[in-house]
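Comments concern the structure below.
Side-chain atoms are counted along with the backbone in the values below, which use heavy atoms only and exclude waters and symmetry mates. The shown structure was predicted, so the numbers you read here are calculated from the model rather than taken from an experiment.
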Amino acid sequence: KYILRLRKSEGVERVLHFLDLLNELCRQKYETIDIGALENNADSQNDSNRINVVMAYIVENFKNDISLDDVANVANLTPNAFCKYFKKLTRKTFVEMLVQYRMNFAVQQLLHTDDTISAIALASGFNDMSYFYKTFRGKMGMSPLAYRKQFME
């Protein structure tokens with residue numbers, strides 16, 4: 001309903017509808033990736049540079065299959081050392097962070113495009129539709145379609 005009102009309104013009324021949408025988005029329960037917090041937890045400038053390179057790699061490649069070996073190579077660490085390093089700095093596993101980034105992208109696509117749910121899942125890097133639905137429901141408390149409809153009403 002928020003998007004529809006926003007599209008149909010003009011001037012000050014449109015600004016007010018936009019603020020209503022922002023207010024509703026603030027109430028939603030989903031996590032954001034706080035890169036600033038990552039930098040504050042880094043032990044040294046080297047760690048900060050390394051995690052920035054890893055996060056940039058995730059941002060550039062999240063739509064593709066990313067193996068642990070690939071991202072460990074980017075960080076110049078063995079897979080085991082990378083897992084410990086990444087968890088220490090982010091307090092999340094690499095897979096948790098990757099899924100979180102993909103989910104945030106999927107949510108944005110659901111709200112701002114008319115693409116099908118399956119197209120959004122694939123564009124977000126989820127190649128298994130059942131895993132996407134299960135993950136989305138677990139994180140958002142509803143199906144992707146119900147989530148989209150909630151904002152279109």
Side-chain angles (χ1 to χ4, degrees), residues 2-3 6 15 17-152:
Y2 297 99
I3 303 277
L6 188 62
V15 172
H17 290 307
F18 179 68
L19 292 174
D20 284 341
L21 173 63
L22 289 178
N23 185 42
E24 183 61 31
L25 288 174
C26 288
R27 290 190 213 154
Q28 296 303 310
K29 296 178 183 176
Y30 63 91
E31 299 177 20
T32 58
I33 298 173
D34 183 7
I35 293 184
L38 298 178
E39 292 174 356
N40 292 337
N41 290 333
D43 292 333
S44 68
Q45 185 64 36
N46 188 34
D47 278 345
S48 183
N49 290 340
R50 180 179 282 166
I51 199 68
N52 286 339
V53 169
V54 169
M55 294 306 292
Y57 183 82
I58 291 171
V59 169
E60 291 174 12
N61 296 287
F62 75 94
K63 295 178 182 182
N64 307 319
D65 289 334
I66 301 176
S67 73
L68 181 58
D69 288 335
D70 292 340
V71 76
N73 284 336
V74 168
N76 292 319
L77 295 168
T78 65
N80 190 36
F82 172 77
C83 289
K84 290 177 183 178
Y85 166 80
F86 194 84
K87 178 83 172 192
K88 176 184 165 195
L89 291 180
T90 66
R91 298 189 181 112
K92 294 182 183 198
T93 67
F94 167 69
V95 172
E96 289 170 338
M97 183 67 77
L98 180 60
V99 168
Q100 180 181 333
Y101 195 87
R102 287 174 172 170
M103 286 296 300
N104 287 344
F105 182 81
V107 166
Q108 294 304 312
Q109 294 302 299
L110 283 169
L111 296 178
H112 300 293
T113 71
D114 293 328
D115 294 346
T116 64
I117 305 299
S118 58
I120 290 172
L122 291 173
S124 301
F126 291 97
N127 295 327
D128 181 344
M129 291 305 297
S130 63
Y131 178 68
F132 173 70
Y133 276 94
K134 180 181 174 184
T135 303
F136 195 95
R137 186 176 295 278
K139 299 277 184 191
M140 307 307 285
M142 63 183 77
S143 72
L145 186 58
Y147 187 85
R148 176 181 264 172
K149 284 183 179 178
Q150 176 180 331
F151 285 97
M152 293 300 175

Can you give me every donor-acceptor pair (side chain of residues 78-86, partner residue at least two apart or in another chain, under 3.5 Å) with its distance?
| from | atom 1 | to | atom 2 | distance (Å) |
| --- | --- | --- | --- | --- |
| T78 | OG1 | A81 | N | 3.2 |
| Y85 | OH | D47 | O | 2.9 |
| Y85 | OH | I51 | N | 3.3 |

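Taken to the nearest 0.5 Å, the OG atom of S124 stands 10.5 Å off from the OH atom of Y101. Within the model, atoms CZ of R148 and CE of M142 stand 14.0 Å from one another, a figure rounded to the nearest 0.5 Å. From F94, atom CZ reaches atom CD1 of I66 across 5.0 Å, with rounding to the nearest 0.5 Å. The CD1 atom of I120 sits 4.0 Å away from atom CG of L110, with the distance rounded to the nearest 0.5 Å. One finds the NZ atom of K139 at 13.0 Å from the CZ atom of R102 (value rounded to the nearest 0.5 Å). To the nearest 0.5 Å, atom CE of residue M140 and atom CE of residue M103 are 6.0 Å apart.
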Go through the steps for L122 and F132 under the test side chain to side chain contact (heavy atoms under 4.5 Å, CB included), then give the verdict.
-> CA-CA 9 Å; L122 291 173; F132 173 70; over 6 Å; no
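With sequence neighbours excluded, the residues forming a side-chain contact (heavy atoms from CB on, under 4.5 Å) with Y131 are V99, F126, D128, T135, listed by chain and number. Residues that satisfy the side-chain hydrogen bond (donor to acceptor under 3.5 Å, both in side chains) test with T113, not counting sequence neighbours, are absent from this structure. Taking the side-chain contact (heavy atoms from CB on, under 4.5 Å) definition, one finds that A123 meets it with F105, sequence neighbours left out. Remark: D70 engages S67 in a side-chain hydrogen bond (donor to acceptor under 3.5 Å, both in side chains) (not counting sequence neighbours).
Identified under the side-chain hydrogen bond (donor to acceptor under 3.5 Å, both in side chains) test for residues 55-65, with sequence neighbours left out: D65-N127.
Scanning both residues, D115 and Q109, for their nearest heavy atoms gives OD2-OE1, 4.4 Å. Closest approach of M129 to A121, counting heavy atoms only: SD-CB, 3.6 Å.
Using a 4.5 Å heavy-atom threshold, the side chains of Y133 and P144 count as touching.
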